[in-house]
Peer 1: 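First, the structure itself, so that you have it in front of you.
For clarity, every value in this text was computed on a predicted model and none was experimentally measured. Throughout, protein chains are lettered first and strands after them, A, B, ... in sequence-line order, and every chain is numbered starting at 1.
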There are 2 protein chains.
Amino acid sequence: MTIQRGFLLVGSKNLNYYSKTPGLYLVWPFNKCNHHGMNRGRPRQFDEKKALLAAMEVFWSKGFEGASCDELLAAMGIKCGSMYLAFGDKQALYDRAFDLYCETEFLRGMEILDGPGTPLENIRTLVQCWGEHMTQPDSKGCFVSNTVIEFSKQPDGVAQLARQVLKRMQDVLENKLKQAADAGELRDGANPAALAAFLVNTANGLNVMARARADKKSIQGVIDSTLLILA
Amino acid sequence: MTIQRGFLLVGSKNLNYYSKTPGLYLVWPFNKCNHHGMNRGRPRQFDEKKALLAAMEVFWSKGFEGASCDELLAAMGIKCGSMYLAFGDKQALYDRAFDLYCETEFLRGMEILDGPGTPLENIRTLVQCWGEHMTQPDSKGCFVSNTVIEFSKQPDGVAQLARQVLKRMQDVLENKLKQAADAGELRDGANPAALAAFLVNTANGLNVMARARADKKSIQGVIDSTLLILA
DNA sequence: CATTTTTTGTACTCCTGGTTAAAAAACTTC
DNA sequence: GAAGTTTTTTAACCAGGAGTACAAAAAATG
């Protein structure tokens, strides 16, 4: 039986391929890498990673609603057909961009906590790093924080993920603060759980300050005051 | 010359009145209050204050882009014709709603600073008040903070206003902190300017925490830690 | 009562933004 | 080279959302 165009081939990778004769078709994902290490069909003409990175920048600075598809596609350097085929839809693209941010910008920042210094030293370094980040003139703030705000009404999806990331960050900080306390670096009676929540709060606040284009002196004031509590 | 319907009467208050005969019309704003203290024309059938309050609630919880006209009109209980006549357009309505928020919710909160206690006591009360506000289950956070974020890319208009309100709040706090310092309520070397920025930052952070539906314990931790610095 | 001024309600327009359709292009496999 | 599979391109499509037109209604004026 020869396959002809006209009817949807259920199971074909992108569900956009057709046969002329009606019937139930069993379609295999042919397009896995062959013995030459090449895919079948027309090869991708854009770099998915690069495109995603560009999309991330746009979403990061403009938010989900604020970023139009046109704008995204222009930044990604591809046409809508390619985007929809590669990523699904706008929300899926946002989700991917959010993941990318978490993997790169966000969690990489948290690695400072495992630096060479003592627990408290590392925490203080992280806080100072936030300050430097937010005082950069083209700072887009924090993508996670922005996501929490824009999707705050939604119970799951990327909204839930963003809340979990903040919670995770809080947990990591609490852990580190406990280590600091055990090492006698915190004053007596200091509460690691409360301090962790406080630090996450400071980070979220800095995001707003950055977007409000607060002057450097104010942001430095925030950092200095925060560090005072970690003395 | 009798005026007839059909052609726009340039100068008529709402530019929606017509004459049948073409020509240049000189139209006077007749409809100022007359000797009966009444306007001419059909009287408003809705309470502008009430409608604005309803719009404020919607904008506050959903943001500018997030609030559709349908939704706003439903909440306001009027039809679009009335809304556009009374307020101008969606942005103007938002601006009015923002003003209303500042006058009521926001600046009223700042009045706590002029309460009966000492300067420092009043500041501490304000911080605690933030905590109570944000832990309420239906808390919509802070409209000013939300506005700063959503309009962060825009140089003027309500965006600028919102940034100024934050700055104003910071100035007021700095002033109060100086009073506290003069009264010997702050530790030696405390920096009122830095502390003021820090407190505004905490407030902005709490807004995010509220929208992230952080647990009460975390928010209390933020408040407690913040108050520590004001001891 | 006729006229003027205003608000109201309904229908409509216009536009933008997300998404899909369909065919052409580019490649592999047979 | 023909057939098969995928990406690219271009042109629509469609829904919803902001805003407008206009006639009808409701009041004051004189």
Peer 1: Rounded to whole angstrom units, what separation is found between the NZ atom of A/Lys62 and the P atom of C/dG17?
Peer 2: 11 Å
Peer 1: What is the distance, rounded to the nearest whole Å, between atom CZ of B/Phe46 and atom P of D/dA26?
Peer 2: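 My rounded result for the distance is 17 Å.
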Peer 1: Please give, in whole Å, the distance from C/dT19 C1' to A/Leu72 CG?
Peer 2: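 A/Leu72 atom CG is separated from C/dT19 atom C1' by 14 Å.
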Peer 1: Does B/Ser82 put a side-chain nitrogen or oxygen below 4.0 Å from OP1 or OP2 of C/dT8?
Peer 2: yes
Peer 1: Would you call the rings of B/Phe151 and B/Tyr94 parallel, tilted or perpendicular, where under 30° means parallel and over 60° means perpendicular?
Peer 2: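 It falls in the tilted class, 30° to 60°.
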Peer 1: Rounded to the nearest angstrom, tell me the gap between atom CZ in A/Arg44 and atom C1' in D/dT5.
Peer 2: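 The answer, rounded to whole Å, is 14 Å.
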Peer 1: Between the protein and nucleotides 13-19 of chain D, are there any N/O to N/O pairs under 3.5 Å, and if so, what are the atom names and distances?
Peer 2:
residue : atom : partner : partner atom : Å
D/dA18  : OP1  : B/Lys90 : NZ           : 2.6
D/dA18  : OP2  : B/Cys69 : N            : 2.5
D/dG19  : OP2  : B/Tyr84 : OH           : 3.0
D/dG19  : OP2  : B/Lys90 : N            : 3.2

Peer 1: I'd like to know whether NZ of B/Lys50 has more than 12 heavy-atom contacts from other residues, nucleotides or ligands below 6.0 angstrom.
Peer 2: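 Counting other residues, nucleotides and ligands, NZ of B/Lys50 stays at 12 neighbours or fewer.
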Peer 1: Expressed as a whole number of angstroms, how long is the span from B/Gln45:CD to D/dA27:C1'?
Peer 2: 10 Å
Peer 1: Within a strict 4.5 Å, meaning less than it, do heavy atoms of the B/Phe59 and B/Phe143 side chains meet?
Peer 2: yes
Peer 1: Check if the side chain of B/Arg40 and the base of D/dA27 share a donor-acceptor pair of N or O atoms closer than 3.5 Å.
Peer 2: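 A donor-acceptor contact between them is absent.
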Peer 1: From CG of B/Leu85 over to P of D/dA21, roughly how many Å is that when rounded to an integer?
Peer 2: 13 Å
Peer 1: Mind checking salt bridge (charged side-chain N to carboxylate O under 4.0 Å, His left out) for B/Arg44 and listing every partner two or more places apart, or none if nothing turns up?
Peer 2: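 If we apply the salt bridge (charged side-chain N to carboxylate O under 4.0 Å, His left out) test to B/Arg44, skipping adjacent residues, the hits are B/Glu48.
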Peer 1: Does B/Cys102 reach the side chain of B/Val144, with side-chain heavy atoms less than 4.5 Å apart?
Peer 2: yes
Peer 1: Indicate yes or no: at least one non-hydrogen side-chain atom of B/Val222 is less than 4.5 angstrom from one of B/Met134.
Peer 2: no
Peer 1: Please report the distance, rounded to the nearest Å, between CG in B/Leu73 and C1' in D/dT20.
Peer 2: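 So the CG-C1' distance, B/Leu73 to D/dT20, works out to 14 Å.
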Peer 1: Hey, which of these two, B/Gly81 or B/Arg42, hits DNA chain C nearer its 5' end, going by closest nucleotide?
Peer 2: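 Its nearest nucleotide being more 5', the pick is B/Arg42.
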Peer 1: What pairs meet the ring pair (Phe, Tyr, Trp, His ring centres under 6.0 Å) rule with one or both residues in residues 66-85 of chain A, with sequence neighbours excluded?
Peer 2: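 Counting only pairs at least two positions apart or across chains, no ring pair (Phe, Tyr, Trp, His ring centres under 6.0 Å) contact touches residues 66-85 of chain A.
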Peer 1: When the distance from CD1 of A/Ile78 to P of D/dT6 is rounded to whole Å, what number comes out?
Peer 2: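 For the pair A/Ile78 CD1 and D/dT6 P, the rounded distance is 19 Å.
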